[in-house]
Each structure stands twice: as C-alpha cells, then as structure tokens.
Amino acid sequence: MLNHVRNGVFAIVWLNEIAPSFDAHELSDDELRKVVALFAVHDLHKLRGEQEMDEEYDIEADEVADLVDALGVDSFAPDLRIETFHACAVDHANTWNSNPEHSTRTYDRLRPYVRLADAFASCETPEAATVERNQTGLEVAYPGTDLELRHHTLDDVKGVFTNLLNGAVSHVLEERFGYERFLIYQDGCVYLTDEDAEMTVDDELIGDVYDRLQSDIGDSHPAYDDHDALADNLSTQSHGFYTINDQDFFYAGARNLLYAVAVKAKQDADPDSDPTDSMAETMETLNERLPIDIDATTRVAPGYARLVYTFKRAFVDPLVDAGLTDEDALTVTCRLFDVDEGVLDGLREIRDDEAVDLTAGGKWDYAYAVGQHIADRARRDHWQDVPGEVAKLLITNLDALDEGWDDIVMGAHAGQFETELRAYIGDVLRVGGQASPPTAEMDELSDRSRRTTRLGGERRVRSATAGRRAPGRAT
C-alpha cells in the first residue's frame, strides 16, 4: 500500500509538471496538495480487514478523520474539510457499492486527478499504463486537449545497460518527436505527447538511439573522460607500443584515447632511467643516418616512441587502409607529428636500405626519431602540459587531413561493437508496439538467444522480472 501511494503521488505530481507543455491545465500548488492528500486516504477500505463487498465503502467520517490525523495530511492540505476526505474514501471507485451521495463540490472537481493517480500507480508495465481506460481518464482530467499516452518497451532486460538504453531511447523520442517522458519502468517508458506526434521505427531512429547510447555510456562513468584513468588501462607490449582495448574506443572515443596514450608516454619518457642495450644500439644506428641527435642515454625518446608506434598502429594504419591518403604510414605519421622533412627523408632512406631492419620482430623503431622530435619540441616550445600539447597537435593535423578521421578509426576498432549494438537495439526496441523491420545485422547477433523469429510487431515474452518494477522518473 505504501508503494502504491508513492507511485500514485509521483505520477500525478510529474503529470502536473509536464502537462502544461501541451497547453493543458496546470493544477495550482494548493490544488495539487489537495489531490495528493486525498489520494493518500483513498484506499482506506483496504485497511479495514475482512468485510462484505456491499459494506466495503460504509465508512464513517470519524474513521476517515483518524486516518487523516495519523498521516498528517490535514496539515499538508489545510484547506481540505473532513467531508471531502470522507467523500474520497467512500466514492473514489466508480463501482456499484460506492457512496456518491457523500461527495462534495471540491472532491467532484479533483476526482479526475485522484483517479489518474490511482490508475497509474496500479500499472505494472508500460503497456498497462497506456490502455484506453487511462487515455479516457486523461481526457476527463484535461478536456479540450490533444494529450495522448505513448510508450516504448524493450524485449530484453540486462540490468544497468537496459536503464542506459531506456534513457537513450527516451531522449531521442523527446528530441525528434516531442515525447515528454512521464514514467519509467524496468523495460520501458511511458510518455505524454499530442495526437500529431507520429513516428516510425526505422534505421534512422535506431542510429540516433545508438549514437545517444554511446554518448550516454561515455558520460556515465568519469573514467571514460579521465585521461589518467584511461592511461592506466593501457598495457605496454615488448615490441614498443601500447595495447588499447577496443571497448575503450567505444566508450571513450578516439580523441580521448589519443590524449590517454600521450599521458602514458609522458610517464614512460623517463630522463632518469637508462635504456636497454637494444634501445641504445638502435638509437645510435639512427643517429648515424639522420640529421637529428637522439639521446641514447635515457628513456626519453623510447618513452615517446611508444606513443608514436601506438599512434601509427591504432590511428594512422586505419586511415591509410581506408584510402584517406595516398601516402604511406611512415610518411603520414611523421607529417602528423610535424617532423622535419630532412628527418622524414632520412627515415625513408633507411626503410629502403636492406642492411637495416627497423621492423624486425614486430618492432617499428622509426618511432625513436619521432620520439626525440617530440622531446625537442617540448623543450623548445616550453610545453608545460606535454600530453595536452601533443594531443592538440595531432588532433589539429588529423582534422586538417579529414574531419571524419575519428569515424574511420572508431570503425576499425569498435566496428563490431557498433554492428552488434545497432542490431540489438533494432531487435529489442518497440515504440507503441511498433518494431524495426528485420535486418541482416540482426541475424549476425553473437547472442544466439536474441535470434528469435519476429512475427510482425508482436512482442516476445519478456523475462519473469520484466515490467514488475514500480514506475518512476529516470534521473
């Protein structure tokens, strides 16, 4: 009973908040308080123990007064007389055994809102909240308006992820179609809108929901926008680069990860650490052939070289493979770091020299020269925030190359995430019972339990827990 009252109070208060968006009547603060107070006592008959049905609403005013006093609702709505509380207790339900003769003028005016609160408090699913009876109750409470109840549902429930997906869907429906979110359930939401708000579940809608979901997931956890935290997720490989989890591309985005790689490299560019013999030997070999002095006595150049090799593998290679540029990966990498032309020419000559192999065993030791270039520029330009300056340099040059570069990089690393998630959204989402047309991607879902036959727009059976949660507002 307590949850029933909570749900009903929330529903009527929030309904009163959003109804004016559609030019519907807004209850004054005094009127809303009266509705809430009346709703709190409307089910007194259910607290009286066993009784015959024809005696269910035979309730004396003194009994109502005791409940009003116990709940303290008389102080919440001090202008309400006990006669009106009594009228609500004996004439709330539209049944043969109620006692309408006890009604008051105040209760007659507020009854539609009390009944709406009761109706929505009793609905266990989004579908139940949008039935014709509730639509009729809305029309009675708000005559002369075009208010309509709509809903979306999800055929699959996956805990926190479902909550995020519900939020993404509701934001898209609000932004594109003017839906105002009213109630949220475990597997869907109920909306208030007007009768002109028409929509179709199609690829464009699924794409918008996917984009919003990706953004919301990234925003939902501070680690995905914290470059130091992202840097901690990077693991160093013996070949001299960092491994980036594909899911981090999906959650954090290519630009944030680029910054995180720069943070990690700055930590590894240690002027107080000695390089390994192999590192020192390679840097000395480069010094003999390039117009640049690579410091072979510390790990500064090797530290920044890890940034360079990681950038080449994870960012440049996908752009070259996609045909975004006619130049090779070595040239593109050096140009994006603003490496001097003489150094780039020297690196190309080394690449063509069969006596030197800078890629043996999976390494890419061209990166030492670019790493030294970063260290020299940081010193020359007095960079206080080296990772920030490096990330800004690379992103500026990437944007100049092609503003769609991050889509290509994201596709290379998180493309399967996108394909499966788009298919999943299309598979489980229903808006007003309307489903997305089947797509080839839906047949590719790795979760075989989702590959079920879709019969028109009919919903599949949900899990036993779906839709059994009290309605509420998403935060």
Side-chain angles (χ1 to χ4, degrees), residues 211 214-215 218 225 227 230-231 234 240-246 248-266 290 292 304-352 358-359 364-378 380-381 383 385-418:
D211 291 339
Q214 183 182 28
S215 174
D225 199 34
H227 301 129
L230 284 171
L234 303 175
F241 63 89
Y242 303 122
T243 298
I244 307 175
N245 296 324
D246 285 346
D248 283 345
F249 271 100
F250 175 77
Y251 293 136
R255 294 169 189 259
N256 277 332
L257 279 173
L258 182 53
Y259 198 122
V261 171
V263 169
K264 181 72 169 177
K266 178 63 172 65
L290 297 176
I292 188 174
Y304 287 126
R306 290 174 178 170
L307 158 65
V308 177
Y309 190 12
T310 304
F311 178 69
K312 182 263 180 189
R313 284 172 54 92
F315 292 81
V316 174
D317 284 350
L319 302 180
V320 172
D321 292 343
L324 198 63
T325 173
D326 294 332
E327 295 183 309
D328 59 85
L330 172 62
T331 302
V332 173
T333 301
C334 289
R335 293 202 190 287
L336 291 172
F337 277 101
D338 288 348
V339 172
D340 295 340
E341 199 68 26
V343 175
L344 173 56
D345 289 341
L347 289 173
R348 286 167 170 163
E349 290 178 6
I350 294 174
R351 181 182 59 189
D352 296 335
L358 296 180
T359 61
W364 201 72
D365 288 343
Y366 302 100
Y368 287 117
V370 185
Q372 185 63 51
H373 163 78
I374 296 171
D376 291 344
R377 182 162 181 180
R380 183 185 71 238
D381 294 348
W383 283 351
D385 175 18
V386 177
E389 294 293 341
V390 170
K392 181 169 67 175
L393 168 69
L394 293 175
I395 289 173
T396 298
N397 288 341
L398 283 166
D399 285 340
L401 178 66
D402 191 296
E403 291 186 351
W405 68 268
D406 48 347
D407 290 334
I408 295 174
V409 172
M410 290 289 288
H413 296 282
Q416 187 62 29
F417 280 85
E418 178 175 357

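When a residue number appears, it is its place in the shown sequence, counting from 1.
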[X] vs [Y] side-chain heavy atoms within contact, under 4.5 Å:
X      : Y      : value
Val332 : Leu319 : no
Ile395 : Tyr259 : no
Arg335 : Glu341 : yes

Interatomic spacing from [atom1] in [X] to [atom2] in [Y] - rounded to 0.5 Å:
X      : Y      : atom1 : atom2 : value
Leu324 : Trp405 : CG    : CH2   : 11.0 Å
Arg351 : Thr331 : CZ    : OG1   : 5.5 Å
His413 : Glu418 : NE2   : CD    : 14.0 Å
Leu230 : Asn256 : CG    : CG    : 6.5 Å
Asp340 : Ile292 : CG    : CD1   : 7.0 Å
Leu234 : Asp248 : CG    : CG    : 7.5 Å

Which pair of heavy atoms, one from [X] and one from [Y], lies closest together, and at what distance?
X      : Y      : value
Leu290 : Leu347 : CD2-N, 3.6 Å
Ile374 : Trp383 : O-CZ3, 4.4 Å
Asp328 : Val320 : C-CG2, 4.4 Å
Val370 : Cys334 : CG2-SG, 4.0 Å
Thr333 : Lys312 : OG1-CG, 3.5 Å
Ala265 : Tyr242 : CA-OH, 3.3 Å

Requested in this report: Evaluate the criterion side chain to side chain contact (heavy atoms under 4.5 Å, CB included) for residue pair Tyr251 and Gln214; output intermediate values, then yes/no.
Outcome: CA-CA 7 Å; Tyr251 293 136; Gln214 183 182 28; over 6 Å; no

Query raised in the report: Is it true that Arg255 and Asp399 have a side-chain N and a carboxylate O under 4.0 angstrom from each other?
Result: yes

Query raised in the report: Charged N to carboxylate O under 4.0 angstrom, Asp381 versus Arg377?
Result: yes

Query raised in the report: More than 12 non-hydrogen atoms from neighbouring residues, nucleotides or ligands closer than 6.0 Å to CD on Glu403, yes or no?
Result: no

Query - Residues Asp345, Arg348; criterion side chain to side chain contact (heavy atoms under 4.5 Å, CB included); working and verdict - result: CA-CA 5 Å; Asp345 289 341; Arg348 286 167 170 163; 3.3 Å; yes

Query raised in the report: Between the main-chain N or O of Asp211 and the side-chain N or O of Ser215, is there a donor-acceptor pair closer than 3.5 Å?
Result: no

Query raised in the report: Could you go step by step and tell me if Leu398 and Leu258 meet the side chain to side chain contact (heavy atoms under 4.5 Å, CB included) rule?
Result: CA-CA 11 Å; Leu398 283 166; Leu258 182 53; 4.2 Å; yes

Report summary line: Which of Tyr366, Phe241, Phe315, Tyr368 passes ring-ring contact (aromatic ring centres under 6.0 Å, His included) with Tyr309? Answer is Phe241

**Report entry** Centroid separation Phe311 to Phe337 less than 6.0 Å
**Finding:** yes

